[in-house]
**Q** 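Dumping the structure here so I can ask a few things about it.
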Amino acid sequence: MVGKSLTRLLLDKGYEVSHLSRKPGNDPQIKTWIWDIPKGIIDEKCINGVDAIVHLAGAGIADKRWTGDRKKELIESRTKSISLVYQLLKNKPHHVETVISASGTGYYNNAGDELLTEDSPPSNDFLGNCCVQWEQAVDEGEQLGMRVLKFRTGVVLTKKDGALPKLALPIKLGIGSPLGNGRQWVPWIHWQDVINLYFYGIENRELKGVYNMVAPNPITNMQLTQAVAQQLHRPLWAPNVPAFVLKLLFGEMGTLVLASTKVSSQKIEDAGFGFKYPTIKEALNDIYS
């Protein structure tokens with residue numbers, strides 16, 4: 001979703017865009033180059049004429065239960081992909097100056113009500129370790145003299161994909177309720193602000209390092225559930241879903257909805273970025289309008 005939307009914005013702004021993909025593309029406006037990450041295959045022509053790379057590759061963190069093999073895939077789909085690009089850049093003349101990469105707010109500790117900044121320590125669990133390895137792989141670009149920018153992305157709200165449709169469905173059916181005790185903080189962001197932030201990072205070449213990609217007003221799971229119910233004009237009457245039920249259903253992956261991660265957007269705001277949807281009310285009004 002992010003890649004498609006960002007591509008449209010860049011094309012509208014007059015940029016030339018190409019994709020790395022496992023299969024041929026069908027959009028005549030976009031050059032599509034083939035790669036195969038497990039096999040270490042990449043079309044060498046993909047970097048011709050390129051001055052910025054946006055790294056969004058990675059298996060879906062919540063798509064499948066976290067078995068040992070799945071955890072390996074989640075990490076290597078993020079680390080080996082960018083390493084494959086860097087190996088090409090080391091061996092072939094190019095004009096790439098910028099690498100912008102996704103990361104995740106799963107980097108941080110399950111820290112209760114503490115407001116987390118980019119300087120907060122990483123979590124010593126699977127999600128934290130995954131994000132640390134992801135960012136370390138991306139940071140190799142600095143050794144090649146590139147500007148490296150990383151966005152620790154929160155829960156991206158959109159009707160099309162991700163967490164919001166899963167949250168909204170039981171609410172639409174009249175059986176929605178908060179998860180666990182409902183007091184865990186959710187580092188959310190509207191999908192349009194995500195796209196705008198990537199574009200801001202491409203255009204503003206003084207930006208480098210790591211920034212949180214979250215809305216300025218974090219909310220709890222209970223507040224989010226109530227806001228969605230209000231937006232959809234549905235009652236909330238069912239009791240909270242107990243944490244132990246979520247752990248039984250999803251195993252270790254239950255941390256995605258039970259961890260409390262209250263994340264600050266102050267650093268990117270201080271860098272001049274203005275959010276189009278800073279509050280959950282504005283965000284949901286737009287998404288469901």
**Q** For the atom pair CD1 (Ile42) and CG (Leu20), what is the distance rounded to the nearest 0.5 Å?
**A** 5.0 Å

**Q** Is it the case that over 12 heavy atoms from other parts of the model lie below 6.0 angstrom from the CG atom of Asn124?
**A**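 No, CG of Asn124 has 12 or fewer neighbouring heavy atoms, counting only those of other groups under 6.0 Å.
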
**Q** Write down the atom of Ile61, the atom of Leu256, and the distance for their closest heavy-atom approach.
**A**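 Heavy atoms of Ile61 and Leu256 come nearest at O-CD1, 4.1 Å.
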
**Q** Would you call Ile280 and Leu224 a side-chain contact if the rule is heavy atoms closer than 4.5 Å?
**A**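 Yes, close enough: below the 4.5 Å cut-off.
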
**Q** For Ser103, run the side chain to side chain donor-acceptor pair (under 3.5 Å) check against Glu135, Lys150, Arg152, Arg78 and tell me which one passes.
**A** Glu135

**Q** Applying the side chain to side chain contact (heavy atoms under 4.5 Å, CB included) test to Val148, which of Asp139, Thr98, Val210 qualifies?
**A**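 By the side chain to side chain contact (heavy atoms under 4.5 Å, CB included) criterion, Val148 pairs with just one of Asp139, Thr98, Val210: Asp139.
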
**Q** Could you check whether any side-chain heavy atom of Phe275 comes within less than 4.5 Å of a side-chain heavy atom of Phe273, counting everything from C-beta outward?
**A**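 In short, these two side chains touch, coming nearer than 4.5 Å.
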
**Q** Measuring from atom CD1 of Ile287 to atom NZ of Lys160, what distance do you get when rounded to the nearest 0.5 angstrom?
**A** 11.0 Å

**Q** Would you check if Phe199 and Leu10 make a side-chain contact, meaning some heavy-atom pair closer than 4.5 Å?
**A** yes

**Q** Any sub-3.5 Å donor-acceptor pair from Asn212's side-chain atoms to Ser265's backbone N or O?
**A** no

**Q** If you group Ile, Leu, Val, Met, Phe, Trp and Tyr by side-chain heavy-atom gaps below 4.5 Å, do Leu169 and Trp237 land in one group?
**A** yes

**Q** Looking only at atom types and distance, does a side-chain atom of Asn217 sit under 3.5 Å from a main-chain N or O of Pro278, one as donor and one as acceptor?
**A** yes

**Q** Determine whether more than 12 heavy atoms belonging to other residues, nucleotides or ligands lie under 6.0 Å from atom CZ of Arg65.
**A** yes

**Q** Do Met222 and Leu167 sit in one hydrophobic cluster, given that two such residues count as connected whenever their side-chain heavy atoms are within less than 4.5 Å of each other, even indirectly?
**A**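 Different hydrophobic clusters.
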
**Q** Should Ile219 and Leu284 be counted in the same cluster of Ile, Leu, Val, Met, Phe, Trp and Tyr side chains packed under 4.5 Å apart?
**A**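 Yes: a chain of side-chain contacts under 4.5 Å links Ile219 to Leu284.
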
**Q** Return yes if some donor-acceptor pair links the side-chain N/O of Ser289 with the main-chain N/O of Asp286 below 3.5 Å, else return no.
**A** yes

**Q** What heavy-atom pair brings Gln184 and Val257 nearest, and what distance separates the two atoms?
**A** NE2-O, 2.8 Å

**Q** CH2/Trp66 to NZ/Lys71 distance, rounded to the nearest 0.5 angstrom?
**A**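 The NZ atom of Lys71 is 7.5 Å from CH2 of Trp66, to the nearest 0.5 Å.
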
**Q** Does atom CD (Glu203) have a neighbourhood of more than 12 heavy atoms from anything else shown, all under 6.0 Å?
**A**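 Result for CD/Glu203: enclosed.
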
**Q** Below 4.5 Å, heavy atoms only, C-beta onward: do Ile195 and Arg8 meet side chain to side chain?
**A**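 Not touching, per the 4.5 Å side-chain cut-off.
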
**Q** For Ser260 and Gly112, indicate whether the former's side chain and the latter's backbone hold a donor-acceptor pair under 3.5 Å.
**A** yes

**Q** Report the distance from atom OG1 of Thr67 to atom CE of Met253, rounding to the nearest 0.5 Å.
**A**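 The OG1 atom of Thr67 sits 10.5 Å away from the CE atom of Met253.
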
**Q** Does one hydrophobic cluster hold both Ile175 and Val228, with members joined at side-chain heavy-atom distances below 4.5 Å?
**A** no

**Q** Determine, for Lys208 against Glu142, whether the closest basic-nitrogen to carboxylate-oxygen distance falls under 4.0 angstrom.
**A** no

**Q** Between the main-chain N or O of Lys276 and the side-chain N or O of Asp193, is there a donor-acceptor pair closer than 3.5 Å?
**A**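 Yes, the answer is positive, given that a donor and an acceptor are paired below the 3.5 Å cut-off.
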
**Q** How long is the gap from CD1 on Ile34 to OG on Ser21, to the nearest 0.5 Å?
**A** 5.5 Å

**Q** Mark yes or no for whether Arg147, through its side chain, and Leu207, through its backbone, hold a donor-acceptor pair below 3.5 Å.
**A** yes

**Q** Minimum heavy-atom separation for Ile30 and Thr7, please, with both atom names.
**A** CD1-CG2, 3.5 Å

**Q** Any idea which heavy atoms bring Asn221 and Leu179 closest together, and the distance?
**A** OD1-N, 2.8 Å

**Q** Please give me the minimum heavy-atom distance between Val138 and Tyr86, naming the atom from each residue.
**A**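 Looking at all heavy atoms of both residues, the shortest contact is O-OH, 2.6 Å.
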
**Q** For Asn26, I'd like to know if atom CG has over 12 heavy atoms of other residues, nucleotides or ligands within 6.0 Å.
**A**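 No - once you tally the heavy atoms of other residues, nucleotides and ligands closer than 6.0 Å, there are 12 at most.
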
**Q** Please determine, by modelled atom types, if Thr220 and Arg183 share a side-chain donor-acceptor pair under 3.5 angstrom.
**A**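 No pair is found: no donor N or O on one side chain lies under 3.5 Å from an acceptor on the other.
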
**Q** Answer whether the closest heavy-atom distance between the side chains of Val132 and Tyr107 falls below 4.5 Å.
**A** yes

**Q** Can you confirm whether Met213 sits close enough to Val156 that some side-chain heavy atom of one is under 4.5 Å from a side-chain heavy atom of the other?
**A** no

**Q** So, Glu73 versus Ser77: side-chain donor-acceptor pair below 3.5 Å or not?
**A** no

**Q** Looking at side-chain heavy atoms only, is the closest gap between Glu44 and Leu88 below 4.5 Å?
**A**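 Sidechains of Leu88 and Glu44: in contact.
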
**Q** Could you go through Val17 and Gln29, starting from their C-alpha distance and side-chain angles, then the distance that decides it, and tell me whether this counts as side-chain contact (heavy atoms from CB on, under 4.5 Å)?
**A** CA-CA 8 Å; Val17 182; Gln29 288 186 280; over 6 Å; no

**Q** Any side-chain to backbone donor/acceptor pair from Ser177 onto Pro239? Under 3.5 Å, distance only.
**A**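 Yes; at least one donor-acceptor contact below 3.5 Å.
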
**Q** Do the ring planes of Tyr277 and His190 sit parallel (below 30°), tilted (30 to 60°) or perpendicular (above 60°)?
**A**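 Rings of Tyr277 and His190: parallel, as their planes differ by under 30°.
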
**Q** Measure across Phe126 and Ile75 and return the closest heavy-atom pair with its distance rounded to 0.1 Å.
**A** CE1-CD1, 3.8 Å

**Q** Go through the side-chain N and O atoms of Tyr108 and Glu114 and say whether any donor and acceptor fall under 3.5 Å apart.
**A** no

**Q** Between CD1 of Ile268 and CZ of Phe151, what distance do you get to the nearest 0.5 Å?
**A**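 Separation between the atoms: 5.0 Å.
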
**Q** Are more than 12 heavy atoms from other residues, nucleotides or ligands located less than 6.0 Å from atom NZ of Lys92?
**A**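 Yes - once you tally the heavy atoms of other residues, nucleotides and ligands closer than 6.0 Å, there are more than 12.
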
**Q** Between Thr117 and Lys267, is any pair of side-chain heavy atoms under 4.5 Å apart?
**A**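 Sidechains of Lys267 and Thr117: no contact.
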
**Q** Is it the case that over 12 heavy atoms from other parts of the model lie below 6.0 angstrom from the CG atom of Asp69?
**A**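 No, because the 6.0 Å sphere around CG of Asp69 holds 12 heavy atoms or fewer from other groups.
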
